[in-house]
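Notes follow once the structure below has been shown.
Keep in mind that this is a model prediction, so the values were computed, not measured.
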Amino acid sequence: MTLSTTPTRRGLHRAWYVAAVAFVTILGAAGFRATPGVLITPLREEFGWSAGTISLAVSINLVLYGLTAPFAAALMDRFGMRRVVAVALLLIACGSGLTVLMTASWHLLLLWGVLVGLGTGSMALVFAATVVDRWFVRHRGLVTGVLTAAGATGQLVFLPVLAHLAQGPGWRFASLTVAAAALAVVPFVWWLLRDRPEDVGTTALGAQPGAVRTAPSTANAALRAVTVLAAAARTRPFWMLAGGFAICGASTNGLVGTHFIPAAHDHGMAEPVAAGLLAVIGIFDIVGTVASGWLSDKIDPKVLLGVYYGLRGLSLMVLPGLFAATTEPSMLIFIVFYGLDWVATVPPTVALCRRVYGADGAVVFGWVFGAHQVGAAIAAFGAGLTRDHLGAYDLAWYAAGALCLVATGMSLAIGHAREATKPEQAMNLRER
């Protein structure tokens, strides 16, 4: 069978339609990622749970969100993106919807922590990485940036809506809204998403006509994920990437994404206003992440990572002095600056995983992303304890800023593919 690179009559490659479906899917599933910061205060007030208890549920969610990712990448390779993502969205909807019935803190840990953590982790950023690897040869960095922005921006844009719902109809109504958003995306995934270009008689965008693509893996998905980790863990670049990305998670999802709103509330700022500030971060995140994807195609990704982490660290160190009851110009400057840097680290990290580990780059990125979420979980729980024991979050902001400066050095220390142990032989396990 001859494969066509222009399957549509209008000349638009099918890869762009797949990317569009992925964008909507990631955007629709992002709502639950926004709920922790919005619901911490309402749950504390209704049930009397401490910030540490609620933060523990967030930490479980973040850990599973990350550690599920590499297995999800292998499952997508074995069973297809469409099936895995559809099931993941259903898990998110069930977990979010059932929270309205909870009466004890262990319910929160099970539903918000475990169930939703597994669902969101089954797509997350590995979904974007898999779409890009399968459907694009040209514009990989740009598309990675756009899909990454969909998740982070969707999460932050949901914030004002959820904050108003939590203060108006109540936090239960906000949870049901998130469940409905996840369910609404399932039909788009099932009817429109395609796993591979070969499924519709074409090749990846930018591939040479007649190019042979890697066949779907028939290996056990869990075994392959662990085997890839074992091979990657023997290489120096993996630890530099994983360590830096753990700090990335600690300084974004774990700290700012979870505790910015309650920290602002501690200084007298209304929660909807603080949520609005995080939404502005999401708006500027679009620009920063897409630009980062474009730059990743043109500039050494490790240099980009070093710059991003350094700038983020400096900004977090000045944040404690910017909180006030009203939105001051200095805070707005921070929001814009931090927004441009929010998830700009993802495209160069994906590019480095692909450069060093070749065909197994998506699975390796899944493990690196797992480190990201472990870092986020530690920061979320640690910041909650800091607030409980010290009465303020200041120490958490300073610590995160210092760690970002460490991540700058780790990023610049990432070498080239030759530092891996024969990456093409050790990492290409698809046929095993």
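Under the 4.5 Å side-chain criterion, counting only non-hydrogen atoms from C-beta, Ile54 is in contact with Trp112. Within the 4.5 Å cutoff, the side chain of Asp285 has no heavy atoms near those of the Leu340 side chain. Between Leu316 and Val256, the closest side-chain pair of non-hydrogen atoms falls below 4.5 Å. A 4.5 Å side-chain heavy-atom check between Val346 and Phe365 finds at least one atom pair inside the cut-off. At least one side-chain heavy atom of Leu56 sits under 4.5 Å from a side-chain heavy atom of Leu109. Looking at Val143 and Trp135, their side chains never come closer than 4.5 Å, going by heavy atoms from C-beta outward. Between Met269 and Leu277 the shortest side-chain heavy-atom distance falls below 4.5 Å. Between His259 and Arg387, the closest side-chain pair of non-hydrogen atoms is not below 4.5 Å.
Checked against a 6.0 Å centroid threshold, the rings of Phe323 and Phe334 do not count as neighbours.
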Donor-acceptor contacts under 3.5 Å from residues 304-315 side chains, at least two apart:
unit_1, atom_1, unit_2, atom_2, d
Tyr308, OH, Ser292, OG, 3.0
Tyr309, OH, Gly244, O, 3.1
Arg312, NE, Asp341, OD2, 2.9
Arg312, NH1, Ser251, OG, 3.1
Arg312, NH2, Asp341, O, 2.9
Arg312, NH2, Asp341, OD2, 3.3
Arg312, NH2, Trp342, O, 3.0
Ser315, OG, Arg312, O, 2.7

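Closest approach of Val116 and Ser96 over heavy atoms only: CG2-N, 3.8 Å.
The only member of Leu412, Ile414, Val406, Thr408 that meets side chain to side chain contact (heavy atoms under 4.5 Å, CB included) when paired with Met410 is Val406.
Sorted by first and then second residue, the salt bridge (charged side-chain N to carboxylate O under 4.0 Å, His left out) pairs involving residues 342-354 (not counting sequence neighbours) are Asp133-Arg354.
Classification of the Trp397-Tyr393 ring pair by plane angle, with boundaries at 30° and 60°, yields tilted.
Atom CH2 of Trp239 has 12 or fewer heavy atoms from other residues, nucleotides or ligands within 6.0 Å.
Note that the CD1 atom of Ile247 and the OG1 atom of Thr252 stand 11.5 Å from one another [nearest 0.5 Å]. With values rounded to the nearest 0.5 angstrom, Phe381 atom CZ is found 10.0 Å from Thr386 atom OG1.
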